[in-house]
Amino acid sequence: MRRAPGRIVVVGASSGLGRAAAMIFARIGWQVAVAARREERLREMCHEMPGHMTSMVIDVTAPDATERFQKLIDRNGGMDVLLFAAGCGWNNPGLDDDRDWRTVDVNVVGFTAITEAAFRYFRDNGIAGQIAAITSIAGTKGIGVSATYSATKRYQWSMLQAYGQLSAIQRLGIAVTDIRPGFVDTDLLDTATRHYPMIMSVQKVAPRIVKAILRRRRVVVIDRRWAFVTALWRCIPAVIWRRLRIEG
């Protein structure tokens with residue numbers, strides 16, 4: 001993890017992988033700005049890391065999200081890395097409208113607003129920064145029981161790929177890191193009533209996220225087991241995939 005400490009903004013930092021990664025960055029000397037909807041949790045984080053952390057309430061789906069994001073960057077003294085860790089999704093075989101549109105709002109609308117604002121910030125200020133996002137292995141294939149979630153994660157994959165290409169074409173030096181975990185024991189999963197295979201702890205996954213960012217990796221699948229599984233998924237013909245029973 002050798003890299004001089006810089007300034008990182010973590011959006012979606014109040015719980016789970018976002019919170020854990022933000023705390024690691026603060027402990028290794030980075031100046032960390034954290035954003036989420038839950039103000040109390042953000043205050044608790046700043047209290048734990050005085051001098052290394054600042055915060056602002058941001059709802060990535062709100063009309064003022066990008067304006068507040070810019071204010072948080074200024075409050076942090078600038079930004080070298082964005083980590084987009086906000087996410088939403090359900091096991092939704094019934095295709096409930098409310099759940100699906102909430103997933104789209106966060107994973108597509110909010111994701112696009114914040115990551116595009118970060119790209120413009122780096123470009124306009126001549127900073128060879130880094131846009132990192134926690135996506136998911138769910139983007140590998142369309143998963144029937146989590147249709148909207150898997151589709152929105154595929155969208156994120158494509159957007160990050162496009163940012164990387166745009167950076168190269170315009171010679172901006174902006175790095176892009178697509179972090180694709182398998183199942184992680186966070187609030188996003190209903191682990192109390194459902195069984196998930198190869199589930200990982202936040203404590204296992206968060207350091208790997210930090211490592212991927214510090215090394216400016218392009219794409220990282222966490223962990224090796226999930227890299228193997230998703231490689232197999234890609235080899236399955238569509239006619240067979242349609243008949244598979246996959247519980248997401």
Side-chain angles (χ1 to χ4, degrees), residues 9-19 21 34-38 41 56-70 72 82-121 131-166 176-184 186-191 194 196 209 219 221-222 226 230 233 238 241-242 246-248:
V9 177
V10 183
V11 176
S14 62
S15 64
L17 293 173
R19 184 186 192 282
V34 290
R37 291 181 301 152
R38 293 173 283 192
R41 292 195 179 187
M56 181 173 290
V57 174
I58 299 177
D59 179 347
V60 298
T61 68
D64 66 348
T66 56
E67 178 183 351
R68 294 183 67 81
F69 177 57
Q70 182 59 58
L72 181 58
L82 164 69
L83 173 57
F84 188 92
C88 185
W90 284 273
N91 205 58
N92 189 24
L95 301 179
D96 176 82
D97 278 350
D98 290 341
R99 289 183 170 186
D100 277 348
W101 285 115
R102 177 61 184 167
T103 302
V104 170
D105 282 345
V106 175
N107 296 355
V108 175
V109 178
F111 171 86
T112 303
I114 297 299
T115 55
E116 283 194 352
F119 192 97
R120 290 192 298 268
Y121 171 82
I131 297 172
I134 300 173
T135 64
S136 172
I137 54 96
T140 308
K141 291 270 194 178
I143 300 172
V145 295
S146 302
T148 305
Y149 182 73
S150 59
T152 57
K153 289 303 175 178
R154 188 70 176 202
Y155 171 88
Q156 292 180 351
W157 287 17
S158 296
M159 283 296 290
L160 292 169
Q161 187 178 56
Y163 292 146
Q165 185 185 67
L166 188 61
V176 177
T177 299
D178 183 349
I179 301 159
R180 304 173 181 176
F183 292 135
V184 184
T186 66
D187 294 342
L188 194 63
L189 299 183
D190 182 13
T191 55
R194 299 184 61 84
Y196 293 89
I209 290 172
V219 176
V221 178
I222 304 174
W226 283 107
T230 52
W233 284 2
W241 180 263
R242 286 198 299 270
I246 295 181
E247 296 294 333

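Along the sequence shown, residues are numbered consecutively beginning with 1.
- Side-chain atoms of Ser14 do not come within 3.5 Å of backbone N or O of Arg41 as any donor-acceptor pair.
- Scanning both residues, Arg102 and Cys88, for their nearest heavy atoms gives CG-SG, 3.5 Å.
- Atom CG of Asn91 is separated from atom CZ of Arg99 by 8.5 Å, given to the nearest 0.5 angstrom.
- If you take CD1 on Ile114 and CG on Leu83, they are separated by 12.5 Å, rounding to the nearest 0.5 Å.
- Nearest heavy-atom pair across Thr186 and Gly16 is CG2-CA, 4.3 Å.
- Other residues, nucleotides and ligands place more than 12 heavy atoms under 6.0 Å from the CD atom of Glu116.
- Applying the 6.0 Å contact sphere to CH2 of Trp241 captures more than 12 heavy atoms from other residues, nucleotides or ligands.
- For the pair Ile131/Phe119, a side-chain contact is recorded, criterion being any heavy-atom separation below 4.5 Å from C-beta on.
- Distance CZ/Arg154 to OH/Tyr149: 14.5 Å, rounded to 0.5 Å.
- The closest side-chain heavy-atom distance from Tyr121 to Phe69 is not below 4.5 Å.
- By the side chain to side chain contact (heavy atoms under 4.5 Å, CB included) test, Arg180 pairs with Thr135, Ile137, Trp157, Asp178, Val219, Val221, Arg234, sequence neighbours left out.
- Residues satisfying the side chain to side chain donor-acceptor pair (under 3.5 Å) test with Asp59, not counting sequence neighbours, are Thr61.
- Residues Trp226 and Thr140 have side chains not in contact (no heavy-atom distance under 4.5 Å, counting atoms from C-beta outward).
- Contact record, Gly18 with Val10: O-CG1, 3.7 Å, taken as the closest heavy-atom pair.
- Of the inter-residue distances, the one linking Glu67 atom CD with Ile58 atom CD1 reads 10.5 Å to the nearest 0.5 angstrom.
- Heavy-atom minimum distance, Gly110 versus Phe84: O-CE1, 3.9 Å.
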>> Pair Arg19, Val34 - check side-chain contact (heavy atoms from CB on, under 4.5 Å), show working.
In response: CA-CA 8 Å; Arg19 184 186 192 282; Val34 290; over 6 Å; no
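- Note that CG of Asp97 is 9.5 Å distant from OG1 of Thr148, once rounded to the nearest 0.5 Å.
- To the nearest 0.5 Å, atom CZ of residue Phe183 and atom CD1 of residue Ile222 are 15.0 Å apart.
- Applying side chain to side chain donor-acceptor pair (under 3.5 Å) to Asn92 and the options Thr103, Asp98, Asp100 leaves one that passes, Asp100.
- Residues Gln156 and Lys153 meet the side-chain proximity criterion, which asks for heavy atoms closer than 4.5 Å.
- For Val60 against Ala65, the heavy-atom pair with the smallest separation is O-CB, 3.7 Å.
- Closest approach of Val106 to Ala86, counting heavy atoms only: CG1-C, 4.3 Å.
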